[in-house]
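See structure below.
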Amino acid sequence: MPELPEVEVICRGLRPHLIQSTIIDVHCSDKNLRVPLPRTALRGLIGQTITKISRRAKYLLIHPADSSLLIVHLGMSGRLGLFQAHDPLQRHDHVRWLLNNGLELRPNDPRRFGSVHMLSSEQARNRKQGFFHSCGPEPLNKRTTAELLHNQAQGRKQAIKTLLMDGRFIAGIGNIYANEALFATRIHPGKPAGSLSLANWQHLLGKLQAILHNAIACGGSTINDFLGASGESGYFQVNFKVYGRAGKSCSSCGQEIQKIQTSGRTSFFCPHCQQK
DNA sequence: ATGGCCTCCTGTATGC
DNA sequence: TGCATACAGGAGGCCA
């Protein structure tokens with residue numbers, strides 16, 4: 001399930017292959033993703049040279065020369081494969097962008113929880129008020145401070161884990177990294193978000209950033225479906241301390257890692273190390 | 001404004 | 001062995 005580090009790894013992996021290449025054909029499958037494929041707008045990419053690739057939250061942003069914006073979200077089972085144009089198609093290849101360098105970019109998403117969006121140059125220019133208007137601050141941005149998060153969480157009774165996974169509060173954090181960051185700071189996932197002190201937030205944001213940086217350096221986490229842009233696996237999952245480890249022993253105290261539901265999502269934590 | 005729950009989807013894991 | 005069911009999860013929408 002691509003979270004921020006996985007999308008960042010894909011972004012970096014694609015750059016050398018896509019920048020300065022030109023899209024010469026586009027194919028869409030009949031099936032739609034979570035939102036309908038913008039088929040007409042995607043055809044408009046033909047002839048466009050890609051000038052830049054970036055990331056916002058868990059979205060990959062492909063910038064054509066005409067200042068429009070192609071946005072890809074991989075949902076939880078999506079890959080963004082780069083193939084030779086003659087490589088055989090795979091089941092669940094929903095879109096194909098053929099490039100003038102002989103490569104073809106193919107988002108593949110069995111569960112179709114992902115999405116593809118096309119913004120006009122005007123919509124792209126106004127994306128902070130438009131497409132990304134509800135998108136929270138980037139956790140790795142220097143302007144995202146513990147003071148800001150502490151302030152924003154004031155009065156919130158919601159579980160801290162649920163708030164960390166809320167993209168409007170902070171961008172790009174899914175179940176894996178929310179669980180890992182809370183374990184690293186010994187905070188119980190069900191602790192009300194508003195009860196964290198500024199010192200708690202400083203600790204939590206620091207650990208979260210360290211974990212995200214480490215995961216990016218490891219090439220992301222390979223959980224079921226995720227592969228990096230060139231098809232290679234990430235290795236961060238060997239560093240999981242709690243995620244997916246229910247019933248196994250805590251690396252810090254030896255107690256059994258427990259699994260609970262937090263707002264309908266699975267949380268993993270150590271009942272000894274992480275107390276409310 | 002807040003928070004909880006539902007929906008989309010299908011491959012994989014589990015249970016009988 | 002084979003079938004049926006449960007489960008995983010990001011984001012947006014709905015409702016209390």
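So that the names make sense, note that chain A is the first sequence line, chain B the second, and so on, each numbered from 1. Source: prediction; values computed, not measured.
The side chain of Pro110(A) approaches dG11(B) more closely than any other nucleotide in the set dG11(B), dG4(B), dG9(C). In this structure, of dA11(C), dA8(C), dG3(B), it is dG3(B) that holds the atom nearest to the side chain of Lys157(A). Closest approach to the Thr266(A) side chain among dA11(C), dA8(C), dG3(B) is made by dA8(C) (side chain taken as heavy atoms from C-beta onward). Closest to the side chain of Arg265(A), from the set dG11(B), dG9(C), dG12(C), is dG9(C). Listed candidates were dT10(B), dG12(C), dT2(B). Nearest to the side chain of Arg112(A) is dT10(B).
The base of dA8(C) sits within donor-acceptor range of the side chain of Arg111(A), with an N or O pair under 3.5 Å. One cannot find a donor-acceptor pair under 3.5 Å joining the base of dG12(C) and the side-chain atoms of Arg168(A).
The phosphate of dA8(C) (OP1 or OP2) has a side-chain N or O of Lys259(A) nearer than 4.0 angstrom. Contact check, Tyr177(A) against dG9(C): no side-chain N or O comes under 4.0 Å of OP1 or OP2. Regarding contacts with the backbone of dG11(B), a side-chain N or O of Arg91(A) is found under 4.0 angstrom from either OP1 or OP2. In this structure, His73(A) reaches the dA11(C) phosphate: one of its side-chain N or O atoms is under 4.0 Å from OP1 or OP2. In this model, the phosphate group of dC9(B) is not approached by any side-chain N or O of His92(A) to a distance below 4.0 Å at OP1 or OP2.
Between Ile173(A) atom CD1 and dA11(C) atom C1' there is a gap of 15 Å when expressed in whole angstrom units. Taking atom NE2 of residue His133(A) and atom C1' of nucleotide dG13(C), one finds them 12 Å apart after rounding to whole Å. Rounded to whole angstrom, the span from the CD atom of Glu3(A) across to the P atom of dG10(C) amounts to 6 Å. In this structure, the CG atom of Asn179(A) is 11 Å from the P atom of dG10(C), given to the nearest Å. With rounding to whole Å, Gln261(A) atom CD is found 13 Å from dG4(B) atom C1'. Taking atom CZ of residue Arg34(A) and atom C1' of nucleotide dA11(C), one finds them 5 Å apart after rounding to whole Å. Between the C1' atom of dT2(B) and the CD atom of Gln152(A) lies a distance of 14 Å, rounded to the nearest Å. We find that CZ of Phe169(A) is positioned 11 Å from P of dG3(B), with the value rounded to whole Å.
By the neighbour-count criterion of 12 heavy atoms within 6.0 Å, atom CD of Glu147(A) is densely surrounded, having more than that number from other residues, nucleotides or ligands.
Here the side chain of Glu8(A) pairs no donor or acceptor atom with the backbone of Leu4(A) at under 3.5 angstrom.
There is a path of hydrophobic side-chain contacts, each under 4.5 Å, that joins Ile53(A) to Leu82(A).
Between His117(A) and Phe131(A), the ring-plane angle classifies as perpendicular under the 30° and 60° cut-offs. Between Tyr243(A) and Phe240(A), the two ring planes are perpendicular [angle over 60°; tilted spans 30° to 60°].
Aromatic stacking of Phe113(A) on dA11(C): not satisfied for centres closer than 5.5 Å together with planes under 30 degrees.
Using a 4.5 Å cut-off on side-chain heavy atoms (C-beta onward), Ser29(A) and Asp93(A) make no contact.
Backbone-only engagement by Gly174(A) is indicated by non-hydrogen atom pairs under 4.0 Å involving sugar-phosphate atoms exclusively.
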Q: Just do the salt bridge (Lys or Arg N to Asp or Glu O under 4.0 Å) check on Glu180(A) and Lys207(A) with the steps written out, would you?
A: CA-CA 9 Å; Glu180(A) 293 298 319; Lys207(A) 287 290 185 186; over 6 Å; no
Q: Might you work through the salt bridge (Lys or Arg N to Asp or Glu O under 4.0 Å) test for Arg43(A) and Asp25(A), ending with a clear yes or no?
A: CA-CA 8 Å; Arg43(A) 295 290 298 174; Asp25(A) 206 358; 3.5 Å; yes
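Two end axes, each from the C1' atoms of five base pairs, can be drawn for the helix from dT2(B)-dA16(C) to dC16(B)-dG2(C); they diverge by 60°, to 10 degrees.
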